[in-house]
2 protein chains.
Amino acid sequence: MPKPRTHPRKRPRQARSNATVEAILQAATYILVKDGWARFTTNRIAERAGVNIASLYQYFPNKESIVIELQRRHMEKATRAAPDAIATLQAKGDLRALFKALATASMEEHRAAPALHRVFAEELPRSARRANPAHEAQVHALLMSLVRPHARNVPDLDLATFIVRAAGHAIVHEAANERPELLERPEFAEEIALLMERYLCRPEPPAAKRSKTRAQTTRK
Amino acid sequence: MPKPRTHPRKRPRQARSNATVEAILQAATYILVKDGWARFTTNRIAERAGVNIASLYQYFPNKESIVIELQRRHMEKATRAAPDAIATLQAKGDLRALFKALATASMEEHRAAPALHRVFAEELPRSARRANPAHEAQVHALLMSLVRPHARNVPDLDLATFIVRAAGHAIVHEAANERPELLERPEFAEEIALLMERYLCRPEPPAAKRSKTRAQTTRK
DNA sequence: TGGCAAAGCAAGTTTTAGCTTACATTATAT
DNA sequence: ATATAATGTAAGCTAAAACTTGCTTTGCCA
């Protein structure tokens, strides 16, 4: 039994083959967005791209590799804008501003390619999903470091960071799917930022049971 | 061309056939949870259930109907517990307590069948998903009515409700998938409740630009 | 106890998706 | 301009998945 292929047989070298690859990816995007994963077949992709199915298999070893390339490109675009947004905002030193910027960036990203984003997040079978725990952990650590200096009276910062990340992502994602008009409203980003700020920046704890005023807890 | 079947050919009438149906659903659950949608095939289901594939097609008109029945049963179980939790908590009249109870209920539900829940939420193709906008709208309206009496200085309650719902659901769901141990910790529910309460129960607005102390805005 | 409906099954049929083979055409470099 | 690599395609193969047909067995009830 021939082991399943893992690399493309050829890499596009001339302009013509490059165009072929682009056509394939464009057709793949179209089909994925319009018809979903269930009807995402190599035959259909090749047909819509106007290239022969065999050509498709010259540049992609298998079906999965196509969707992986789509995700790679998407991620590339998405992460290009993030760092400077963070840097700019960290200077301001304001939790609210930070989250507003993050929310806005996320909203823009979703607005740019809402359907594709939905498919990546919801519709791909687990096998085709970027299982990238390292990246996830990195994001988590970064967010936590951003938040730490401004958090007030948060007993478990790791937990809080988890909550903030999950909530932030899901809110924008849900909005993109169910209420796309929200992505156009700046107040939406403001509300998200407010949610985060009020959660992370808490008043002095009720001073347990006995001590009424003390309470300088910054434990851990 | 024979139109695609939509109803089962037979309904189980005797004990034996009833057991067959149960075996099918049990096997379907197992496969869905263990191997995911991609390997969720009628042949495999029948094999694991120990029944003939043709028998399966006596009681289920097609593959989708199996997963739909699974979802129906799951929802049935899940919604049985909700109403009294709400009723009990509405009496208390405390936003924090309400959200803590809701979060706890959600956590328990996820804990009971985490894998199945994940599959329903993430892995099913759109065709097999319960597209039930009416139900969604109902939940939204209910939550908004629960929250309204306690919200303070929330300019757009509909938006806030959307945010709260999306966030609440996603946080528990993410936890179930990535940090299942959180589902065991009561503080987790407390943190979620805190997130909601602090977001919905806001201090008097900063009184625009000039007036320093006044500010009794409850606009809209 | 025999007749009939319910239940069950072996062994298909059909379709289609993923992928390959074998050959034809086009570009590049010398 | 011609050898050679790059690119393209027609026509399949293979396997598996959804679903049927035709028949046998089981249970119910008079």
Side-chain angles (χ1 to χ4, degrees), chain A residues 1-25 27-28 31-32 35-70 123-125 127-128, chain B residues 1-28 31-32 35-69 123-125 127-128:
Chain A
M1 63 181 169
K3 54 184 129 187
R5 216 171 277 278
T6 165
H7 292 294
R9 307 161 191 231
K10 293 180 185 167
R11 201 162 303 220
R13 292 162 196 286
Q14 306 177 1
R16 192 168 37 134
S17 53
N18 232 302
T20 298
V21 168
E22 294 309 309
I24 290 169
L25 290 173
I31 290 176
L32 205 49
D35 301 337
W37 174 261
R39 310 192 58 190
F40 183 77
T41 74
T42 52
N43 288 316
R44 270 168 54 93
I45 294 168
E47 187 187 10
R48 171 155 188 104
V51 310
N52 190 281
I53 175 73
S55 292
L56 186 154
Y57 278 98
Q58 294 296 319
Y59 305 107
F60 297 93
N62 50 51
K63 185 168 95 158
E64 261 196 17
S65 65
I66 298 175
V67 84
I68 286 179
E69 174 63 12
L70 287 183
E123 204 158 4
L124 296 190
S127 64
Chain B
M1 62 180 173
K3 54 184 128 184
R5 213 170 280 279
T6 165
H7 291 294
R9 306 162 192 231
K10 294 181 185 167
R11 201 162 300 222
R13 292 164 195 283
Q14 305 178 4
R16 191 166 40 131
S17 53
N18 232 302
T20 298
V21 168
E22 294 309 311
I24 290 169
L25 290 174
Q26 198 175 324
I31 290 176
L32 206 48
D35 302 336
W37 175 261
R39 310 190 60 193
F40 183 76
T41 73
T42 51
N43 287 315
R44 271 169 52 95
I45 294 168
E47 187 186 12
R48 170 152 189 107
V51 311
N52 191 279
I53 176 72
S55 292
L56 186 153
Y57 278 97
Q58 293 298 319
Y59 305 107
F60 297 95
N62 51 51
K63 184 167 96 155
E64 261 195 18
S65 65
I66 298 175
V67 84
I68 287 180
E69 174 63 12
E123 205 159 2
L124 295 191
S127 64

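Quick note on labels: first sequence line is chain A, next is B, and so on, each numbered from 1. This one's a predicted model, so the numbers in the text were calculated from it and none came from an experiment.
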In whole angstrom, give the distance that lies between atom CZ of B:Arg39 and atom C1' of D:dA15. 14 Å

Kindly state which residues belonging to residues 18-26 of chain B come within less than 4.0 angstrom of DNA chain D, counting heavy atoms of the residue only, listed by number. none

Return whichever of B:Ala15 or B:Lys63 has its heavy-atom-nearest nucleotide of DNA chain D closer to the 5' end. B:Lys63

Looking only at heavy atoms, the pair that brings A:Pro8 and A:Tyr59 closest together is CB-O, 3.3 Å

Quickly work out the B:Asn43 CG to D:dA15 P distance and round it to whole Å. 16 Å

Locate the shortest heavy-atom distance separating B:Ala23 from B:Ala49; write the atom from each residue and the value. O-CB, 3.5 Å

Report, one pair per line, the protein and nucleotides 2-6 of chain C atoms (nitrogen or oxygen only) whose separation is under 3.5 Å.
none

Determine the sole option in B:Leu25, B:Leu32, B:Val21 for which the side-chain contact (heavy atoms from CB on, under 4.5 Å) test with B:Ile66 is passed. B:Leu25

Could you tell me the separation between the CD1 atom of B:Ile68 and the CZ atom of B:Phe60, rounded to the nearest 0.5 Å? 11.0 Å

Mind checking B:Arg9 for me? I need base, sugar-phosphate or nothing, with any heavy atom below 4.0 Å counting as a touch. sugar-phosphate

Hey, what do you get for CD1 (A:Ile31) to OG1 (A:Thr41), rounding to the nearest 0.5 Å? 6.5 Å

Using a 4.5 Å cut-off on heavy atoms from C-beta on, say whether the side chain of B:Trp37 contacts that of B:Val67. yes

Would you kindly check whether a donor in the side chain of A:Asn62 faces an acceptor in the base of C:dG18, or vice versa, at under 3.5 angstrom? no

Whole-Å distance, A:Arg44 CZ to C:dC19 C1', equals 18 Å

Keeping B:Arg9 on the side-chain end and B:Tyr57 on the backbone end, is there a donor-acceptor pair under 3.5 Å? yes

Atom CZ of B:Phe60 to atom P of D:dA17: distance rounded to whole Å? 19 Å

Heavy atoms within less than 4.0 Å of DNA chain D: which residues of residues 46-58 of chain B have one? Give them sorted by number. B:Ile53, B:Ala54, B:Tyr57

Can you tell me how far CD of A:Gln14 sits from OG1 of A:Thr20, rounded to the nearest 0.5 angstrom? 10.5 Å

Between atom CZ of B:Arg48 and atom CG of B:Asp35, what is the distance when rounded to the nearest 0.5 Å? 9.0 Å

Mind listing the closest non-hydrogen atom pair of B:Arg44 and B:Arg39 along with its distance? NE-O, 3.0 Å

Output the distance between atom CD1 (A:Ile45) and atom CD1 (A:Ile24), rounded to the nearest 0.5 Å. 8.5 Å

